[in-house]
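A quick write-up on the structure given underneath.
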Amino acid sequence: MPEDVVDASEVEQSQGALEALISERRRKRDDLAAAGLDPYPSRFDRSTTAGELHLAHDGLEADQRTGQQASLAGRVVSMRGHGKLIFVTLADQSGTIQLLIQESRRSEQAALVVEALDLGDWIGVHGEVITSRRGELSLDVDDIQMLSKALRPMPDKWHGLVETDTRYRQREVDLLANAESRRVFDIRFKAIAALRRFMQDEGFVEVETPILQPMAGGAIARPFFTHGNALDIELSLRIAPELYLKRLVVGGYEKVFEIARNFRNEGVDTRHSPEFSALEAYRAFGDYRDGMDLAERMIVAAAEASIGTMTVTAGERTLDLSPPWPRRNLLDWLEEVTGERLHPSDPVEKVRAVCDAHQCDYLEEWTSGKLIFELYDTVLLPLVADPVFVYGIPIDVSPLARSNDDDPTMADRFELCIDAKEFVNGYSELNNPEVQVERFARESQLAAQGDLEAMPADAAFVRALEYGLPPTSGIGLGIDRLVMLLSGVEAIRDVILFPMLRPESFD
RNA sequence: GCGCCUCUAGCUCAACGGCAGAGCAACGGACUCUUAAUCCGCAGGUUUCGGGUUCGAAUCCCGAGGGGCGCACCA
């Protein structure tokens with residue numbers, strides 16, 4: 001082959017296949033503009049939506065004309081051409097509807113738009129609501145406007161977008177191409193709306209507390225750090241809203257909640273995201289039992305509103321969320337399973353022996369209470385399928401919880417477990433400032449001994465307690481996990497719209 | 001952080017040491033009841049990147065990058 005011919009084809013190819021597809025669409029857009037039709041008009045008046053039309057007319061016999069004129073707007077998701085007749089599937093947020101575009105009926109403007117039409121374009125259409133000869137509800141289109149010309153080719157209309165990387169990085173494409181993805185996020189936002197409604201109906205006030213904090217507290221986790229220029233101070237991103245919310249209860253807000261984005265600078269996996277959402281609620285004059293009641297009703301309300309059933313699937317198994325949920329004492333249950341009656345006051349050797357017998361790893365410095373909690377995590381938690389409250393948790397791992405009146409080594413604290421995962425953590429709040437100081441001191445001591453999990457003392461919080469925190473019940477719900485449960489997906493990234501990923505390079 | 005897997009056309013996937021292919025999307029054409037429309041034609045590639053082995057590499061080896069999954073930490 002002569003040199004110059006080779007060069008020419010290389011120049012042609014250097015444009016790239018994707019660029020060629022985009023240029024083609026650009027050309028169509030420019031053709032429209034040249035014909036005096038704005039490919040990006042400012043607005044469009046629609047009279048109805050695909051969903052409303054289906055509600056109004058589904059069940060109609062084939063080949064009917066309703067006489068109803070309608071204007072619809074949406075994205076072209078499929079086209080089936082038959083020469084002088086084209087079937088288009090139009091998608092709006094409410095669903096999809098078929099358009100019948102007949103050459104004999106359409107306007108001149110419509111003809112130009114059809115000429116320039118590609119999958120993915122946003123269009124506005126007008127016509128009569130009819131059913132096709134096959135009985136599908138359709139709009140017999142007489143006019144079309146381009147509302148926004150899409151320049152990039154859409155993913156495969158049958159397989160959608162599969163590659164997880166692209167699905168997370170270009171969530172907009174995932175959403176427009178994959179109905180399953182839309183389903184999951186619809187559940188998410190319905191559930192969150194339901195939680196908010198439920199809390200408001202219960203008389204809780206929704207509040208906002210700082211995300212940028214001088215010292216991240218209220219949980220045990222490594223924070224993200226940033227710098228505040230104006231004050232020239234180091235700030236942490238919140239790991240939990242707990243301490244600020246309790247200060248609001250001190251201030252007289254008897255029922256408060258916050259839907260809080262929390263940030264933890266820790267491992268990322270199927271169940272953990274650096275950025276995640278929690279609902280924390282505090283109710284004056286209640287204790288941890290009220291927390292269990294609240295958690296149960298809250299989750300049931302969210303399930304009802306988002307999926308309309310108490311049956312969910314988690315991997316291979318089917319779970320039943322129907323209340324009431326059993327409440328099991330941790331030490332009793334542990335005895336049932338291991339055959340050993342353990343207590344935080346037991347010598348560590350005794351508890352370690354049980355750990356050894358159940359493949360539960362531990363560190364040298366752990367107390368009996370901490371070991372018991374670890375046994376719960378490794379031995380009991382995996383047994384959980386349907387929801388179960390586990391209450392009575394060692395005080396050693398509960399520095400912000402009130403101790404039990406009859407057994408000061410135990411906290412009046414519970415966790416709600418479903419499908420081998422923790423969903424809610426709640427307790428009677430510790431409101432004795434001096435005991436809180438002791439707890440913080442003990443945590444500091446642990447930190448000094450090298451325990452990376454120790455909680456830093458928060459003097460402002462202690463001062464607040466000194467003004468008087470009423471008896472208070474507090475709970476925290478992991479919203480992402482709840483959405484995973486309700487939607488039946490197994491990766492937390494599938495319930496977060498834009499999960500954290502390494503930045504793309506656009507070179 | 002450590003281990004394993006993965007990356008091929010815009011999308012979904014083949015080819016697994018011997019000429020890089022298909023379907024969808026695109027482009028040209030036929031078609032007024034399809035719905036994964038069909039039919040004919042045409043085009044589309046630095047096989048993620050960089051090295052190496054080989055007569056020959058998408059394929060084997062080494063390294064880098066993206067992503068996924070385990071383990072550890074955590075909710």
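Just so we're on the same page: letters track the sequence lines, and every chain starts at 1.
For the residue pair A:R183 / A:S181, no side-chain donor-acceptor distance below 3.5 Å is found, with atom types taken as modelled. Looking at A:Q170 and A:R152, their side chains never bring a donor and an acceptor atom within 3.5 Å of each other. Side-chain polar atoms of A:E280 and A:Y282 form a donor-acceptor pair below 3.5 angstrom.
Nucleotides B:A75 and B:A15 have their C1' atoms positioned 45 Å apart, rounded to a whole Å. Atom name C1', nucleotides B:U12 and B:C55: the rounded distance is 36 Å, in whole Å. Nucleotides B:A22 and B:A9, compared at atom P, are 14 Å apart to the nearest Å. Comparing the P positions of B:C39 and B:A26 gives an interatomic distance of 16 Å, to the nearest angstrom. Across the C1' atoms, B:A25 and B:A37 are found 15 Å apart, a figure rounded to whole Å. For the C1' atom pair drawn from B:G18 and B:C60, the interatomic distance equals 14 Å after rounding to whole Å. Rounded to whole Å, the separation between the C1' atoms of B:C19 and B:C33 comes to 45 Å. Separating the C1' atom of B:A14 from that of B:G51 is a span of 28 Å, rounded to the nearest Å.
Taking atom CG on A:L99 and atom C1' on B:U32, their separation rounds to 16 Å, with Å as the unit. Nucleotide B:A75 holds its C1' atom 5 Å from the CZ atom of A:F276, rounded to whole Å. Atoms CG (A:L18) and C1' (B:G10) sit 5 Å apart, rounded to a whole Å. If you take CE of A:M154 and P of B:A25, they are 14 Å apart, rounded to a whole angstrom. If you measure from atom CD1 of A:I475 to atom C1' of B:A75, you get 15 Å, rounded to the nearest angstrom. Per the geometry, CG belonging to A:D494 stands 9 Å off P belonging to B:C69, to the nearest Å. Across the protein-nucleic acid pair, A:R167 atom CZ and B:C7 atom C1' stand 17 Å apart, rounded to whole Å. Counting to the nearest Å, the P atom of B:A22 and the CH2 atom of A:W158 are 22 Å from each other.
Between A:E422 and A:R271 there is no salt bridge, since none of the side-chain N atoms of the basic residue sits less than 4.0 Å from a carboxylate O of the acidic one. We find that A:E415 and A:R413 are joined by a salt bridge, their nearest charged nitrogen and carboxylate oxygen being less than 4.0 Å apart. Residues A:D356 and A:R352 are not paired through a salt bridge, judged by the lack of any N-O separation under 4.0 Å between the basic side chain and the carboxylate. Between A:R105 and A:D140 a salt bridge is recorded (basic side-chain N to carboxylate O distance below 4.0 Å). A:R402 and A:E429 are not joined by a salt bridge, as no carboxylate oxygen comes within less than 4.0 angstrom of a charged side-chain nitrogen.
For the pair A:L161 and A:D361, nearest-nucleotide mapping onto RNA chain B gives the more 5' position to A:L161. Looking at which nucleotide of RNA chain B each of A:D269 and A:K84 is closest to, the 5′-most match is held by A:K84.
Backbone-only contact: A:E163 has heavy atoms under 4.0 Å from sugar-phosphate atoms and none from a base. Across all strands shown, A:T270 has heavy atoms under 4.0 Å from sugar-phosphate atoms exclusively, and none from any base. Counting any heavy atom pair closer than 4.0 Å across all strands shown, A:T166 reaches no nucleic acid atom. As judged by a 4.0 angstrom heavy-atom cut-off over every strand, A:T164 is placed among residues touching the sugar-phosphate backbone only. Nucleic acid contact for A:E136: base, since at least one base atom lies under 4.0 Å from a heavy atom of the residue. Using a 4.0 Å heavy-atom distance criterion, A:R264 is classed as a base contact. When heavy atoms are screened at a 4.0 angstrom cut-off, A:D165 is found touching the sugar-phosphate backbone but no base atom. If you check every strand for non-hydrogen atoms under 4.0 Å, A:L100 touches a base. Across all strands, A:K157 comes closer than 4.0 Å only to sugar-phosphate atoms, never to a base (heavy-atom distances). Across all strands shown, A:L21 has heavy atoms under 4.0 Å from base atoms, whether or not it also approaches the sugar-phosphate. If you check every strand for non-hydrogen atoms under 4.0 Å, A:G160 touches sugar and phosphate atoms only. Here A:E24 lies in heavy-atom contact (under 4.0 Å) with sugar-phosphate atoms only.
Look at B:A57: it lacks any Watson-Crick or wobble partner with both distances under 3.5 angstrom. Base-pair partner of B:C71: B:G1 (Watson-Crick or G-U wobble, both distances under 3.5 Å). B:A64 is paired with B:U48 under the criterion used here, namely a Watson-Crick or G-U wobble arrangement in which both key atom distances are under 3.5 Å. Base-pair partner of B:U32: not found among the strands shown (Watson-Crick or G-U wobble, both distances under 3.5 Å). With a cut-off of 3.5 Å on both pairing distances, the Watson-Crick or G-U wobble partner of B:C11 is B:G23.
Residue A:R502 places at least one side-chain N or O under 4.0 Å from the OP1 or OP2 atom of B:G67. Within the 4.0 Å cut-off from OP1 or OP2 of B:G67, at least one side-chain nitrogen or oxygen of A:R169 is found.
Side-chain proximity of A:L85 to B:A75, B:U32, B:A26: nearest is B:U32. Taking only side-chain atoms of A:K28, from C-beta outward, the nucleotide of B:G10, B:G67, B:A26 with the closest atom is B:A26. Set against B:A37, B:A25, B:A75, the side chain of A:S78 has B:A37 as its closest nucleotide. Closest to the side chain of A:F87, from the set B:G10, B:C33, B:C13, is B:C33. Of the candidates B:C24, B:C27, B:C33, the closest approach to any side-chain atom of A:H82 belongs to B:C33. Distances were taken from every side-chain heavy atom of A:Q98 (C-beta onward) to each of B:U12, B:C33, B:U35; the shortest belongs to B:U35. The side chain of A:D156 lies closest to B:C11, out of B:C11, B:C27, B:A9.
No cation-pi contact links A:R171 to A:F498, judged by a cut-off of 6.0 Å to the six-membered ring centre and 45° from its axis.
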